[in-house]
Amino acid sequence: MPEDLLSSTAWPLGSRQLNQLDDSLIVRLMGVGGDGVMTAGRVLTEAAALSGLEVLSEATCSAEVRGGETMYQLRVSPSTLVTAGDRVDIVVLLDHEADLAHREDLLTGDVLLYDSVHDAVPRAHPPGVVSYPVPMTQLAEAAGAAIAKNVVALGVLAELFGFSLTNIETSLRKRLAAKGGHVVASNLAALAGGARYVKEHLVKRDSFLVPVGSARDETVLLTGNEAIGLGALMAGCRFYAHYPITPATSVADWLATHLPLLGGKICAAEDGMASLGLAIGASYAGAKAMTGTSGPGFDLMQELIGYASMAEVPVVILDVQRAGPSTGLPTKYEQADLFSAVYGAHGDVPKIVLAPGDVHDCVHVTVEAFNLAERYQLPVILLSDASLALREHTIPRPDLAAIKVVDRVPFQPDQAPYSRYRFTDSGVSPMSAPGQPGGEYVATGLEHTGSAFPSDAPGTHQAMTDKRFQKLARLEDECSPVEREGPPSAAVGLVSWGSTQGAVREAVRRFDAIGMPVAALYPKVLWPLPVKALTAFARSVGQVVVVEANRQGQFADVIAASTSIRPKRVTLYRGVPLTAWDIFGRESLTH
Amino acid sequence: MPEDLLSSTAWPLGSRQLNQLDDSLIVRLMGVGGDGVMTAGRVLTEAAALSGLEVLSEATCSAEVRGGETMYQLRVSPSTLVTAGDRVDIVVLLDHEADLAHREDLLTGDVLLYDSVHDAVPRAHPPGVVSYPVPMTQLAEAAGAAIAKNVVALGVLAELFGFSLTNIETSLRKRLAAKGGHVVASNLAALAGGARYVKEHLVKRDSFLVPVGSARDETVLLTGNEAIGLGALMAGCRFYAHYPITPATSVADWLATHLPLLGGKICAAEDGMASLGLAIGASYAGAKAMTGTSGPGFDLMQELIGYASMAEVPVVILDVQRAGPSTGLPTKYEQADLFSAVYGAHGDVPKIVLAPGDVHDCVHVTVEAFNLAERYQLPVILLSDASLALREHTIPRPDLAAIKVVDRVPFQPDQAPYSRYRFTDSGVSPMSAPGQPGGEYVATGLEHTGSAFPSDAPGTHQAMTDKRFQKLARLEDECSPVEREGPPSAAVGLVSWGSTQGAVREAVRRFDAIGMPVAALYPKVLWPLPVKALTAFARSVGQVVVVEANRQGQFADVIAASTSIRPKRVTLYRGVPLTAWDIFGRESLTH
Amino acid sequence: MPTAVHARTTFSRDGDAPWCRGCGHADVFDVLCRALVASGIRPTDAVVVTGVGCSSLITFQLRSYAMHGVHGRALPLALGVKAANPDLHVVVAGGDGDAFSIGANHLIHTARKNPRLTYLIMDNQSYGMTMGQPSPTNVHGEHHALNALGVLLAAGATFVAQAASWRPDEAEALIGQALGHPGFSVVNLLSPCPTFHHGEGIDGAIGIPLVREIGSEHDLGDRLHALSVAFAEGVPCVGLLYRVERPMYALTEGSALVHEQWEETAILEALLDEHRVVWT
Amino acid sequence: MPTAVHARTTFSRDGDAPWCRGCGHADVFDVLCRALVASGIRPTDAVVVTGVGCSSLITFQLRSYAMHGVHGRALPLALGVKAANPDLHVVVAGGDGDAFSIGANHLIHTARKNPRLTYLIMDNQSYGMTMGQPSPTNVHGEHHALNALGVLLAAGATFVAQAASWRPDEAEALIGQALGHPGFSVVNLLSPCPTFHHGEGIDGAIGIPLVREIGSEHDLGDRLHALSVAFAEGVPCVGLLYRVERPMYALTEGSALVHEQWEETAILEALLDEHRVVWT
Ligand SMILES: Cc1ncc(C[n+]2csc(CCOP(=O)(O)OP(=O)(O)O)c2C)c(N)n1
Ligand SMILES: Cc1ncc(C[n+]2csc(CCOP(=O)(O)OP(=O)(O)O)c2C)c(N)n1
Ligand code: SF4
Ligand code: SF4
Ligand SMILES: [Mg+2]
Ligand SMILES: [Mg+2]
């Protein structure tokens, strides 16, 4: 590569559109299953993080175990990132099949890097796109690692754009160590081969370089699913049960290695009902417990969610949403399980629904989920999604000392006979655990008296229902994390829940850049609805617009049901995450 | 009994409160399980119906198989009835245990009839109540039918108040025929014994007599659950699957005898998931199919409800609601499954929710449920409840010729290859059945193309989701039965769904009697919400008040979510049906 | 029409029992209480987990810890309890509907995993609570009954016995042995429902039902022999069919799961270090 | 990385197959298509019902009617199809996770009821679709595998066979016999997942896995003998273990359920008459 370009460290800002007005670089790797897109993406992400950059990625694959398209997009920047970007600078194609759907994303000046094994002649792409054919497959074979074309691509990327070869090596070695010296050696050879090919055969014709990193505060790199596992452990979770289901399974994978380090246990159940049953049983016996699933498994849990609510057993239920309904699009993105989380189980069921907005939230909102479950003794549903599950993000290292962990109100043996469900002002009654003398009681889903004896007397049901709902009465005052951003008063107020947060944040920045006053609210507790925060927000803006990735406008409906707010709706349900452009570019929003 | 009283046929109207301003007589039978309260009630109901009276009853029992309290209240009248009444004229106690909770319902002039075996001295009851101790147990033993004290009570009721002994005999004979001549004989002796005891030992000291009946239009006497079974058969249902659960089981019991007469089949499954799976499979194969359950089983069905919606298989799911959540109060009344019916399955799930308001509706709304399922090829949820399930009502004989039955749009073999899910204006695509050449396709819960092939392309999901929801776009215009009553404009507009309809109707009559303009709306299709009808209604009244038997005000929330109506809420969740007095007597309503 | 007022004992509350006169479940309840006491188990350390049904009402008669769960899910709940605190004595109980109809999936998998749990199935061949519909074990006419003992044996249960509510001493002894068994022990208790059921083999209405005693001379570790007993036609057998030992489910062994904040910080910091990225 | 382009045949569409190279499911699919043709079944009269998993993707390769249901519920769906139209040939298929993990309750009850259904279980000892976690039938280390054949036999299946995807002719013959069986027939097909699984007995990675042929000289009606074969340690057996006839589930016999308006009015009027009340 020409020396003069490599020595330039400033990122050259060309004449780009508003969505490109920042100092980040975006690389998209594409291929089909088996091409190693995911691995290459993760290695590049880690390498960039090790270079002192902020990195945020977005990944998606097909439901087919083999043969489907895989995409990994990472964005690196010296400053804070909130999305992996709604543009792309550099596209790397590891397989020609993966090309078609995304070609239109490329603009003049963008880069297309592809394995020339597929095409003798460079293939058609939009005019003005800079394309680099590289014989990745041959280079991999030459390095003695036939399937390592993904690693060849990393070498090319390093050499062309200035990703640190050393850091890529570090990351590769860590991942391959277990596979033995030969594998490591041939992969490093493939890496070097890619870099060498650039030096020897390519002339850089584009204007992209990796921004320069610097020392940052203590940082960790986590996927959303790892962050949820971590949050659970920090909150004191010692039991996790699950039945495999995409995209929740990697939470179990991470916990399987890490829970035992803290003396915890993980159980693979025979179905979704069993997995929630296990968690409820463990919690009854005194452990902080969670189960994880996705939509179809979540449906199966509804009966036991009602039971946990009725028997007042704390439990956290993680639903890593995928596109539904039914089996739906198992690996794709959607936020359409809110209705079933809030309203799913039959009867009047007090429960709490939380949603993390980013990887940082995946740690902290998960801690909150356990705290609320324990504090109020009820099921807490944590709604994550396919985007958070797979994305990686460099986030500030959580400060353990600053994290508050709440335990359940314990049973105190005293003179009076224990009354498990006795009425209290807060609705919360002390909870014993088996083994404690004097604390014996029956956890039951039948309506019951204060002393847990079944009763179908009219008075009992009404009073006990009120008791159980009373627990939620003070929730918003006691704990309802909600973030607001933008000017104190604005024409438009965006409300977003879960991972649309990133796109909304980015849109707010752009509105700000063009001088449009747009504010945004990010509630983390979705149910019970933070009515005060929403009402205050609505008062501060002209029109409330709820942005969400489902068809029905589920959160907008929930808001309309319980407040006087009449929100507009931005709903998208394509199976892929919403982007800032979906919001910023929507004319109707601001008119 | 003194001749002069018996010969009077007019029902003597004393100075009673507003809730007693009508020409009906209300008898409440109470006892514990095993006392035969239910049988006696049903016999008396049938006897009164045979006497040309309108009869409406309300029954409830305890969740305990044995030992719990059972109550059967019937109201007879020469004119139309909408509830079993919120007062009581005559209370019959077959067991002293059953007394306590209801004594406060008795007013001056009311009658208390009880088995004197329990009390040597007549027990305490409110002053002014006329009480008649009868040695029912001894009389039963004397008749050679030791357990027939319930039949003795019928004899007493006949003699004291003028219920037709002949008609009671007719009804008894029909029910006992299968048990053999001896049982019939001893029961008739018990009946006669009761009547004779009145003649010989009692002096009538009250002012109640059964009103006189007359010839009526063709009438049938049905419980709500029988009416649902009947409606299903009329609609063409030929397959019913279930797993036993209170209070849905009697639908299966009725269909088990009647479905086979029409060549249909009934299947007892191993659990709730299997029962819905069976119905969906049967429907896929071309049969009109239904499954029935109650809350806990309904929870288990959510995943397959999503599947039916996604695969576009018509199916009717009956949820006979009981008080929840979880196992809750299995025999008690509540309308709290609306949320889970409307919003229960994960993802964006198009489906329809209907609720019958009375026994008449149980026939006709069930027909509609099948029609809508077939017309739109999706799951239709029919929300009945514990009150409708057990109550009996004399309703106009359904006119088969007038009942419109809708079948699914059939697949027509033609030149083009069949595309099961092809786009159409209505969203409805022709549906083939196995066995039809050229109609082969895969019914799948994965997102799919028009030709039923899986696809996770963003465009497909959005377009197919729209297609599936498109089916509901014209629902309100095509079919959305809704009744309105009361003045064309009114200060208060009550909205009620399901069986609260009776109490609301009765309250409207009373408001009318005191000159208060109160209107009411009774939608039968609850979801998709009949927005036009509700909006028009709201415009015609000052304040909309939604009356429902759950804590959260579930229908009020659904209305608030999708319309600009901000309803007030009357919510009661005692496990027993709401009464007219609960509405009429509520001050806040009209202020 | 409660049967009787239970005397207050170590495990049993006083008060009316919820069952009909003659219901086998009442006898099973008494026998269970006796067996628990005889095994030296204290109510405080015992957790009885049931599903839903007449049989499951035993929870409300007990003075121990208990979960009255949802229909068919007693086993997962119990496994969760035992995993969280292996020191507890966890007894699962419920009806044949609970065990063999809606809950049979969990039964098979629990048998396979072999946790140290005792499961008492009160088999009246019907769904008593919902008015006596025939359950999968019901023997009548065309209905092909599930050979529940056979399925348990095939699925890997390491202790399989059958007893009858009307033979309390034998039942107590078998439950006692089950409580002591290191692994998943099942006692299927024939327990008639006089109110609804008139099925074969367990119907007390026709006098004391006949049973066939298995005796103990056979090789208790011979699964095929046990199966042959389970499959034999005719009156039901009572006694211990099978008992072997094999490794117990690791998840339900070990010590109780506790969240001990003083110990965990260092471990959590180490976990964070794994994900740390440092600019070098 | 699709294995191969399937040739368009009577039962198979053309187009890419969805499975990884070497996946046993592809072979099972081919064998099924051949067996269906050999049995004289037309795609129009066949309904193949699956759950969810790699194995269940066969529905999309087929040219017959099919339901690709939800995970674990193939059997109830299939039973509904067959009950509604007993003239159809209903084949149930899917993975070991579908059959023995989430769906085992339905398996037991279907075996008990004995409807005329053929169930092909593609057993790779893992959840292929969710990345190869061990399933209940997985044989490895501490994990106690479910003896699936044993459970099927105990539960009452009347035709139980095992075949291997890498022995297609034998598999085809067994599937053919199963299709002809009057009752519930199950063929458990050992079907390796080369992408994720390295389990015992079915792993093609170590060459052609060994199996033990059962042969046909034994008494096919001897359930205990069949169980002894199922329980025998060592390499998996292939062949027909058990075949008997007993009454089939009545619900899935008879004629198709149709709603024939011209016939029903009289019957419905008679029903209404039952509930009629007339003032006399
Ligand atoms: C999910 C669900 N389905 C159905 C029911 C209704 N139900 C309650 S108990 C029961 C069966 C009881 O039978 P069994 O377990 O044998 O207990 P028994 O009453 O005979 O002792 C049923 C079907 C329920 N509570 N929950
Ligand atoms: C209710 C539910 N739980 C979990 C899943 C996730 N899931 C899909 S397929 C599968 C198991 C697949 O294993 P198997 O049935 O053996 O089929 P294979 O892929 O091995 O052929 C699981 C757990 C789901 N789709 N639905
Ligand atoms: S109904 Fe049967 S099982 Fe239930 S309590 Fe009565 S006798 Fe026992
Ligand atoms: S993952 Fe395994 S089971 Fe699934 S297609 Fe690939 S080889 Fe077959
Ligand atoms: Mg039972
Ligand atoms: Mg498998």
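Remember, predicted model here, so these are calculated numbers, not experimental data. First the proteins, then the strands, lettered A, B, ... as listed; each starts at 1.
Side-chain contact between D/M67 and B/I280 is present, with heavy atoms from C-beta onward closer than 4.5 Å. Between D/E269 and B/L400, some side-chain heavy-atom pair lies under the 4.5 Å cut-off. Looking at heavy atoms from C-beta onward, B/Y441 lies out of side-chain contact with D/S64 at the 4.5 angstrom threshold. Counting only heavy atoms from C-beta outward, the side chains of D/V278 and B/L50 never approach each other to under 4.5 Å.
For a heavy-atom cut-off of 4.5 Å, chain D lies close to B/E303, B/L304, B/Y307 in residues 301-315 of chain B.
Residues passing the side chain to side chain contact (heavy atoms under 4.5 Å, CB included) test with B/E440 are D/T44, D/Y65, sequence neighbours excluded.
In this structure, the side chain of D/W279 engages the main chain of B/S51 through a donor-acceptor pair within 3.5 Å.
Only the backbone of B/A452 has a heavy atom closer than 4.5 Å to any heavy atom of chain D. For B/L276, no part lies near chain D; criterion is any non-hydrogen pair under 4.5 Å.
To the nearest 0.5 Å, atom CD of residue B/E270 and atom CG of residue D/L107 are 10.0 Å apart. Atom NE2 of D/H275 sits about 14.0 Å away from atom OG1 of B/T219, to the nearest 0.5 Å.
The residue among D/V90, D/T50, D/I108, D/D273 with the most heavy atom pairs within less than 4.5 Å of chain B is D/D273.
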